[in-house]
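Working notes for the structure below.
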Number of protein chains: 2
Amino acid sequence: MSGNDEKSNLADVAYGLLKRDLTEGIFKPGDKLLMSALRERYEIGAGPMREALSRLVADRLVTAESQKGFRVAPMSLAELKDIYFARAQLEALITELAVQNGDENWEAGIVASAHTLSKVTEVHNADEMLGLWDSRHKAFHRAIASGCGSAKLMELRMTMLDQAERYRQLWLRQTVFSAEALETKRREHQELLEILLSRDSVQARHIMFEHMMNPIPIITEILASRGLIG
Amino acid sequence: MSGNDEKSNLADVAYGLLKRDLTEGIFKPGDKLLMSALRERYEIGAGPMREALSRLVADRLVTAESQKGFRVAPMSLAELKDIYFARAQLEALITELAVQNGDENWEAGIVASAHTLSKVTEVHNADEMLGLWDSRHKAFHRAIASGCGSAKLMELRMTMLDQAERYRQLWLRQTVFSAEALETKRREHQELLEILLSRDSVQARHIMFEHMMNPIPIITEILASRGLIG
DNA sequence: TTATTTAAAAATGTAGATATTTTTATTAAA
DNA sequence: TTTAATAAAAATATCTACATTTTTAAATAA
């Protein structure tokens, strides 16, 4: 009756925790992920820990070298550009399909999530706002994409979102902590919404591509200031 | 000096072997993947075996239910259509980019691999031909896609190819064993090649999408004849 | 220094212990 | 007799602890 049991094994738990720690930057790019340290941190045996690491290698958040163990996947300007470009192309494609296929329900969903996102400004606490804006921003974009009608394209989209997440986190602070940048985003989303509702799939695709590419210069600057010029 | 050592651990080996066995249909969709049976088959402990299975879950070739073990991921008409549609959209996108960005070297590559593919008809042994045509066909398409200039898009492409592989195998026999179907493919590839070299990226995108969608009816029929009507 | 040997650290793998699920057998109720 | 519920047994999945192999670091000799 009470539904949500969802028993999970230790590998699943460790996977989730380590993934969070990686995207939050608790482990830095290039850092060695020492088995003993991880086992202690997540209170877990080597077997399940390897399983979690192995999955994160598939996610491209961790690299593995046989007999030499695991490292946090490096970050670079080149990878930033590649991930954001591929992601923008994919999201633009999905958006075009969504505009072509989306029904009334889809329209209602994007209008609702756009509204919910626009109301975030009322929160006080800075860090709380960061999380709230981010989750609602993601929900808005997910609502748009969901209209494409392909579960596999949605999976590919999530793959790219996961890979972009470490870079996105850098951008997020700049954006949400600056009233100016936040207002710019608000306007971009408004424009996007109007074009989606106008059902012009070609223009929607174009606008979405530009929207997705916008963060690159900001993130580039942050990475450069951290000495990641490569 | 002698280069190719590439030491791999047991999980890597088991991953590769099981993946092959899955795409070749040695384990059927829905089959329970019994730990004891797998350990015996691949002569390996439970730890590395779980690691391999875990990676195949990420690849969507295996499903996992906590405390209940692993199964071969089911196949269905719905999944066939979804995979092929998403893959066709992605390949079409990548093709458009490749036509826009590809240089002389890219052109030379696709001309060469198209030629190599067209020469396969001379082989006698049927099964040998199957493998040869398949690998050259893949090489031809890879050569086209490689012009897109994005490593991440190429990764996404590979993801979809892996997921399509079980369905593709069904199609492959129909195609390669039928002189008629093989000739149709030869013409399609010729047409594709001409349009790529004409540098009309929009038409190239369109033709590639159609080319990628063509196998669906054939595979549908095969699945239906096996009782997979859902 | 540079190469070689030795010792420590770390990764990987196996075997067996523990917990969970599934099956079978047993009993009670309809 | 059949069905349902319960309990015992078997099968299975999962995890930990320890053993083995490999890599890295340190020490020593050329």
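Below, chains carry the letters A, B, ... as their sequence lines are ordered, and counting in each starts from 1.
- Residue B:Arg39 contributes atom CZ, which lies 13 Å from atom C1' of D:dC15 at whole-angstrom precision.
- Residue B:Leu33 is the one, among B:Leu33 and A:Pro48, whose nearest nucleotide of DNA chain D lies closer to the 5' end (criterion: closest heavy atom).
- Between the C1' atom of C:dT18 and the CD atom of B:Gln67 lies a distance of 12 Å, rounded to the nearest Å.
- A:Ser113 places a side-chain N or O within donor-acceptor distance of the main-chain N or O of A:Ile110, the cut-off being under 3.5 Å.
- Of the listed nucleotides (D:dC15, D:dT12, C:dT12), C:dT12 has the atom at the smallest distance from the side chain of A:Ala46.
- The local environment of CZ in B:Arg173 is sparse, with at most 12 non-hydrogen atoms from other residues, nucleotides or ligands closer than 6.0 Å.
- In this entry the distance linking CD of A:Glu65 with P of D:dT23 reads 10 Å, nearest Å.
- Between the C1' atom of C:dA10 and the CE atom of A:Met49 lies a distance of 15 Å, rounded to the nearest Å.
- Distances shown here put a side-chain N or O of B:Lys32 below 4.0 Å from the OP1 or OP2 atom of D:dA13.
- Picking from D:dC15, D:dT23, D:dA13 the nucleotide with the shortest atom distance to the side chain of B:Leu34 gives D:dA13.
- Not one side-chain nitrogen or oxygen of A:Arg50 sits closer than 4.0 Å to the OP1 or OP2 atom of C:dA11.
- Of the candidate nucleotides C:dT22, D:dT14, C:dT12, C:dT22 has the atom lying nearest to any side-chain atom of B:Lys68.
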Going through the distances and angles, do A:Asp12 and A:Arg55 end up as a salt bridge (charged side-chain N to carboxylate O under 4.0 Å, His left out)? CA-CA 10 Å; A:Asp12 289 335; A:Arg55 286 168 60 183; 2.7 Å; yes
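- Atom CG in B:Leu10 sits about 14 Å away from atom C1' in D:dT22, given to the nearest Å.
- Protein atom CD of B:Glu51 is 8 Å distant from nucleotide atom P of C:dT12, rounded to whole Å.
- Salt-bridge annotation for A:Glu155 and B:Arg60: present, with a side-chain N of the basic residue lying under 4.0 Å from a carboxylate O of the acidic one.
- Between A:Met35 atom CE and D:dT23 atom C1' there is a gap of 16 Å when expressed in whole angstrom units.
- Each of A:Gly45 and A:Ser66 was assigned the nucleotide of DNA chain D with the nearest heavy atom; the assignment lying further toward the 5' end belongs to A:Gly45.
- One can place CD1 of A:Ile44 at 11 Å from C1' of D:dT14, the figure rounded to the nearest angstrom.
- At distances below 3.5 Å, at least one donor-acceptor pair connects side-chain atoms of A:Trp106 with backbone N or O atoms of A:Ala143.
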